[in-house]
Each structure stands twice: as C-alpha cells, then as structure tokens.
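Below is one structure; the comments refer to it alone.
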Amino acid sequence: MSYLGVGVSPGNVPVYHGTVMKVVDRRIRLVELVLRCVICGLGVLAAVLVGTDTQVREIFSIQKKAKFTDMKALVFLVVANGIAAAYSLVQGVRCTVAMLKGSVLFNKPLAWAIFSGDQMMAYLTVAAVAAAAQSAVFAKLGQPELQWLKICNMYGKFCNQVGEGIASALLVSISMVVLSCISAFSLFRLYGGSKAKNGARW
C-alpha cells in the first residue's frame, strides 16, 4: 500500500521508495553542480586577477615593481584558488556524469572522499582569504607603531586589483563552505537510511 510515494510496511513503519531518493539526489546534484561551476570560474578569476597584478612606480629615481609574489599571503591566495578551481572542475565533471546516468550516491567510501575533499577545500580557501585580507588591511592602513607605510597610497592600481581578487576569493570560500554542508548532508543521510532500514526490520 502506498500514498504519495510513501509505502507502509507490515509493521506500520513508513518506508520511502527509491524514486523519492532519486528526486532529492537529483536536486542536490543540480545545486552542487552550480556551486562547483561558480567556484571553478571565480577561483580562476581570483587567481588571474592577483597573479597578473603588477605596478611600477619610480621612487627617488629608482623603479620599484609591485607584484603578488612580494606578499606570501597573496601567493597562498593564488595557489589556494587554483587548487580549488581544479578540484571543483573534477568534481563538476563527476556530478555531470552522475546526473546523465541518473545514478544515486549510495557508495559510502565515495561519499566520505567527497565530504573530506570539500572540507579540506573549504578550510583552505577560508584560510587563504583570511590571510590575504589581513595583509590587505596592513597595506591599506599601515601600522604606525611598527612604522609600516600605507603601501596602497603608492600602488593604488595594484591594491585595487588585489581587492577585486580577494572579493572573488571570498565568494569562492563562501560557496565552498555551503558545498561542504551539502556534501555532509549527502554523506550522513546514507547512515540515516541505514537506521531506518534497521528499524523497519524490528
């Protein structure tokens, strides 16, 4: 006996059919695919904006060139966003293939691998944005107590482009955090399903 896709077992325990799981999984995969595409695009954008940013100023007849390698936090930001973009591209292909096949994620080891990867990427991107943002604040405001100059007063174009890169990287990190929550849901619902099956047997 079933009603609205919900069957009733002999023990009067509600049992959801596989079609409901497939619908939920398809919607989750669609959101996941969109987020991975966003992360891939914005990650590349952030890496390009910061990695190609340079500005030359002449100070006391000496030419000084500002580039992202002068600040280790910006190097970390470029590398982290490059890794996140590549990772999201690979996972995006996996999502696309799974959606085309119409398969549902029931493989716990694969779910754990995706969850662990998303968690690492989330921590990596958040740490990179935090480090870059702190360095950007010092460059913008300086530190009078330590006699650190306001670098952005001399390299305005360089700082503006770095700011755009950090903004893109911030969106990447937020998307990655949301994505890690989705992968956590996809993983732990498998264990919830196992508990429901065990309860149905009793």
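No donor-acceptor pair under 3.5 Å is formed between the side chain of Asp70 and the backbone N or O of Ala66. Between the side chain of Ser88 and the backbone N or O of Ala85 there is no donor-acceptor pair closer than 3.5 Å.
To the nearest 0.5 Å, atoms CG (Asp118) and OG (Ser183) are separated by 4.0 Å. A distance of 7.5 Å separates OG of Ser173 from CG of Leu171, quoted to the nearest 0.5 Å. Atom CG of Leu77 sits about 6.5 Å away from atom CD1 of Ile166, to the nearest 0.5 Å. Distance check: Ile174 CD1 to Thr125 OG1 gives 10.0 Å after rounding to the nearest 0.5 Å. With rounding to the nearest 0.5 angstrom, the CE atom of Met121 is 14.5 Å from the OG atom of Ser175. Of the inter-residue distances, the one linking Leu42 atom CG with Leu49 atom CG reads 10.0 Å to the nearest 0.5 angstrom.
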side-chain contact (heavy atoms from CB on, under 4.5 Å) between Thr54 and Phe158, worked out
CA-CA 6 Å; Thr54 59; Phe158 177 81; 5.6 Å; no
Go through the steps for Asp53 and Lys157 under the test side-chain contact (heavy atoms from CB on, under 4.5 Å), then give the verdict.
CA-CA 9 Å; Asp53 191 14; Lys157 172 185 170 296; 4.1 Å; yes
Thr52 and Gln161: CA distance, side-chain angles, deciding distance, side-chain contact (heavy atoms from CB on, under 4.5 Å) verdict:
CA-CA 9 Å; Thr52 61; Gln161 189 165 325; 3.7 Å; yes
Please determine whether side-chain contact (heavy atoms from CB on, under 4.5 Å) holds for the pair Leu110 and Ile114, giving the CA-CA distance in whole Å, both sets of side-chain angles, and the decisive distance to 0.1 Å.
CA-CA 6 Å; Leu110 177 59; Ile114 296 170; 4.0 Å; yes
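Under a cut-off of 6.0 angstrom, the local environment of OH in Tyr123 is sparse, with at most 12 non-hydrogen atoms contributed by other residues, nucleotides or ligands.
The closest side-chain heavy-atom distance from Arg36 to Tyr87 is below 4.5 Å. Contact check for Leu124 versus Phe76: side-chain heavy atoms found under the 4.5 Å cut-off. In this structure, the side chains of Phe185 and Ile28 come closer than 4.5 Å at one or more pairs of heavy atoms.
By the criterion of side-chain heavy atoms lying less than 4.5 angstrom apart, applied directly or through intervening Ile, Leu, Val, Met, Phe, Trp or Tyr residues, Val178 is not grouped with Leu89; the two fall into different hydrophobic clusters. Residues Val177 and Val31 do not share a hydrophobic cluster, clusters being chains of Ile/Leu/Val/Met/Phe/Trp/Tyr side chains in contact below 4.5 Å. Both Met176 and Val79 belong to a common hydrophobic cluster when Ile, Leu, Val, Met, Phe, Trp and Tyr are linked at side-chain heavy-atom distances under 4.5 angstrom.
At a threshold of 4.0 Å, the pair Arg94-Glu32 counts as salt-bridged, since one of the basic side-chain nitrogens sits closer than that to a carboxylate oxygen.
Residue Ala73 comes nearest to Ala131 through the heavy atom pair CB-O, 3.6 Å, listed as atom of the first residue, atom of the second, then distance. Taking every heavy atom of both residues into account, Gly43 and Val172 meet most closely at N-CG2, 3.5 Å. The two atoms that bring Asn81 and Ala169 nearest to each other are ND2-CB, 3.6 Å, heavy atoms only. Ser180 and Gln119 get closest at one heavy-atom pair: CB-NE2, 3.4 Å.
For the side-chain contact (heavy atoms from CB on, under 4.5 Å) test with Val48, the passing option among Leu45, Val44, Val50 is Val44; the others fail.
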